[in-house]
Chemist: 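What follows is a structure written as structure tokens; I'll ask about it next.
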Amino acid sequence: MADITESSEWSALAEHHTTLAGTHLRELFSADAGRAERMAVDAGDLHLDYSKHRATDETIRLLVALAGRAGLRERIDAMFAGEHINVSEDRAVLHTALRLPRDARLNVDGQDVVADVHAVLDKMADFAGRVRSGEWTGFTGKPIRTVVNIGIGGSDLGPAMAYEALSDYADAGITARFVSNVDPADISGTLRDLDPEQTLFIVASKTFGTLETLTNAKVARAWLVNALGDEKAVSRHFVAVSTNAERVAGFGIDTGNMFGFWDWVGGRYSFDGAIGLALMIAIGADRFREMLAGFHAIDEHFRTAPFERNMPVLMGLLGIWYNDFFGAQTRAVLPYSQRLARFPAYLQQLTMESNGKSVRADGAPVVAQTGEIFWGEPGTNGQHAFYQLLHQGTRLVPADFIGFAEPFEDHAADDAGMHDLLTANLLAQTSALAFGKTAEEIAAEGTRAEIVSHKVMPGNRPTNTILVPKLTPATLGQLVALYEHIVFVEGVIWGIDSFDQWGVELGKVMAMDLAPALTSPEPPADAPDPSTAALVRRYRRLRGRPA
Ligand SMILES: O=P(O)(O)OC[C@H]1O[C@](O)(CO)[C@@H](O)[C@@H]1O
């Protein structure tokens, strides 16, 4: 199969890039009075301003043509229909089914997917309701006050990010904590001040075979049994979320207290299903369903909107534009919301585990650069850390700014509220990044000639601005679905399988092989390579073991 880079659509974009690359955003705006109004799109409650991009209507036309060449429309339809588009694992990719309304219909591989999804949601809602009301008690009869989610990767980042994002909606006096790392400090720090009688553990693992999760779960179980003095306590304090009932039972958790999902939900796409149980307990089933409705609104937009007005398509294609034609290495995601502090970390797994691939779905090597590197921090903290590089560094870093009109809570600060100050910062940054400040403007302010060049703000730095009425369960669902589909669009253009993650396997296997080399009473006979052998010896000496 010919690579997308060999297509006439790709060549047309490459040529267009050579003509546009030397044009400043100042020129694009002064030549086009309607640009700001026109280069904006709405989806659900999300408003995207993409006018501050180094792109014209012609760029969008060419990018949409590229999407056509890559078969994006057909690929979208195939995903929503449950075709096995995860080719290397021969699986459907149906996270969109997790948020289908109850009366929707979708049969996949002979199974009524919607009925299955709602059966699990109902079971979660029933359980969450009992925990929230205090009807579900711990072994000694006390109500649950803390839920500890033990998981890693998609079984941690999604629910942890969403819990923090929606913590203002946690209204049952139950807080959630998240343990992921096999570093003993993580579980120790989490358990340190908890009351075992009032703590519920959710062991969340799609495979129920993940070293970190099972290790942390064993430590938690020992802590609980030790404190409550009875193995029987486990069934009141441990539930599981998994696709693997056999392993859940093997661990000693009653499968009646297991919440399932399916192999067609990727781990990084799973917190809107059972992996979101901790979140549902915290905010309640109604709010959780509002979040699902938010996801679904963007799914429908993505599935049906013409590409020129389709937010995930436009954002995905603009990602390709910078990644593959401008050579941008990274993309910053800058939420102007402290509640979204974990959103960049969540997106790192979503985007980089999905699109960090160097072979295409058909096994041939990719030609274009794939896999944007996502990173970021909430504004305004980032402004006082790395924005210097964004404004004046030598690299081009396209950035997504995400802001909210209404705060959950505000404080007065001089004439403006704190939230208005936050938003003013967001708007100032995107304007400064786009338009900068010239040497003439700086000199005209009376700046000493020797330092004028230091103060020049080059501008021409592209940004998306996503403006949202308020951070709510519904709008969080919309935001996450937006990025899920951006990942999909980029993966289709690059021709890769965005839904496997073989690249994480080798390290896991080698760690299991290396563990005995660190702990054995006798020095190990071999190591995978001389450098690692030397480090093993050094580690053993530091631990007082014969090396
Ligand atoms: O939910 P599990 O099976 O424990 O896996 C956790 C994470 O590990 C990974 O497989 C990567 O190591 C992720 O894709 C996944 O989200």
Side-chain angles (χ1 to χ4, degrees), residues 86-95 98 120 124 148-163 178-183 186-187 201-221 238-251 253 255 258-279 342-357 371 374 480 483-484 487-488 491 496-515:
N86 176 355
V87 287
S88 79
E89 295 179 315
D90 190 17
R91 287 175 182 168
V93 173
L94 271 177
H95 43 277
L98 295 175
V120 172
M124 289 168 66
V148 178
N149 186 87
I150 304 176
I152 196 164
S155 301
D156 166 72
L157 287 162
M161 177 279 291
Y163 170 73
F178 296 83
V179 179
S180 53
N181 201 330
V182 77
D183 180 342
D186 199 5
I187 187 93
F201 293 95
I202 300 174
V203 186
S205 174
K206 180 175 171 182
T207 55
F208 228 78
T210 303
L211 169 80
E212 291 88 340
T213 302
L214 295 185
T215 307
N216 277 320
K218 282 177 200 156
V219 172
R221 186 170 61 183
F238 275 79
V239 299
V241 178
S242 185
T243 56
N244 195 323
E246 216 170 287
R247 285 185 180 165
V248 168
F251 183 84
I253 295 178
T255 49
M258 168 181 154
F259 302 84
F261 58 118
W262 307 270
D263 70 0
W264 41 258
V265 184
R268 52 194 177 272
Y269 297 86
S270 64
F271 85 83
D272 46 337
I275 291 289
L277 183 61
L279 173 67
R342 295 293 287 159
F343 194 56
Y346 166 75
L347 287 185
Q348 283 175 337
Q349 188 202 14
L350 179 68
T351 64
M352 290 156 76
E353 200 170 74
S354 296
N355 282 344
K357 310 284 165 66
F374 273 71
V480 173
Y483 279 91
E484 286 178 348
V487 169
F488 183 83
I496 59 183
D497 181 343
S498 300
F499 301 101
D500 60 14
Q501 59 284 318
W502 297 108
V504 298
E505 294 307 320
L506 178 61
K508 290 185 195 172
V509 173
M510 289 176 69
M512 294 312 288
D513 290 347
L514 270 166

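Every number for a ligand or one of its atoms is a count from 1 in the order of the listing.
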Chemist: Determine the interplanar angle of the His95 and Tyr269 rings, folded into 0 to 90°, and report it as parallel if under 30°, tilted if 30 to 60°, perpendicular if over 60°.
Modeler: parallel
Chemist: Tell me, which pairs form a salt bridge (Lys or Arg N to Asp or Glu O under 4.0 Å) where one or both residues lie in residues 270-279, sequence neighbours left out?
Modeler: Arg99-Asp272
Chemist: Taking the six-membered ring for Trp, are Phe499 and Phe488 parallel (under 30°), tilted (30 to 60°) or perpendicular (over 60°)?
Modeler: tilted
Chemist: How about Arg268 and Ser354: does a side-chain donor come under 3.5 Å of a side-chain acceptor?
Modeler: yes
Chemist: Polar pairs, ligand 1 vs protein, N/O only, below 3.5 Å.
Modeler:
from     : atom 1 : to     : atom 2 : distance (Å)
ligand 1 : 1 (O)  : Ser155 : OG     : 2.7
ligand 1 : 1 (O)  : Lys206 : N      : 2.7
ligand 1 : 3 (O)  : Ser205 : OG     : 3.4
ligand 1 : 3 (O)  : Lys206 : N      : 3.3
ligand 1 : 3 (O)  : Thr207 : N      : 2.9
ligand 1 : 3 (O)  : Thr207 : OG1    : 2.6
ligand 1 : 3 (O)  : Thr210 : OG1    : 3.4
ligand 1 : 4 (O)  : Ser205 : OG     : 2.6
ligand 1 : 4 (O)  : Thr210 : OG1    : 2.5
ligand 1 : 12 (O) : Lys508 : NZ     : 3.1
ligand 1 : 14 (O) : Glu353 : OE1    : 2.7
ligand 1 : 16 (O) : Gly154 : N      : 2.7
ligand 1 : 16 (O) : Gln349 : NE2    : 3.2

Chemist: May I ask you to establish whether Arg221 and Phe251 are in a cation-pi arrangement, using a distance under 6.0 Å from NZ or CZ to the six-membered ring centre and at most 45° from the ring axis?
Modeler: yes
Chemist: Carefully, step by step, assess Tyr483 and Tyr346 under the rule ring pair (Phe, Tyr, Trp, His ring centres under 6.0 Å).
Modeler: CA-CA 11 Å; Tyr483 279 91; Tyr346 166 75; 9.1 Å; no
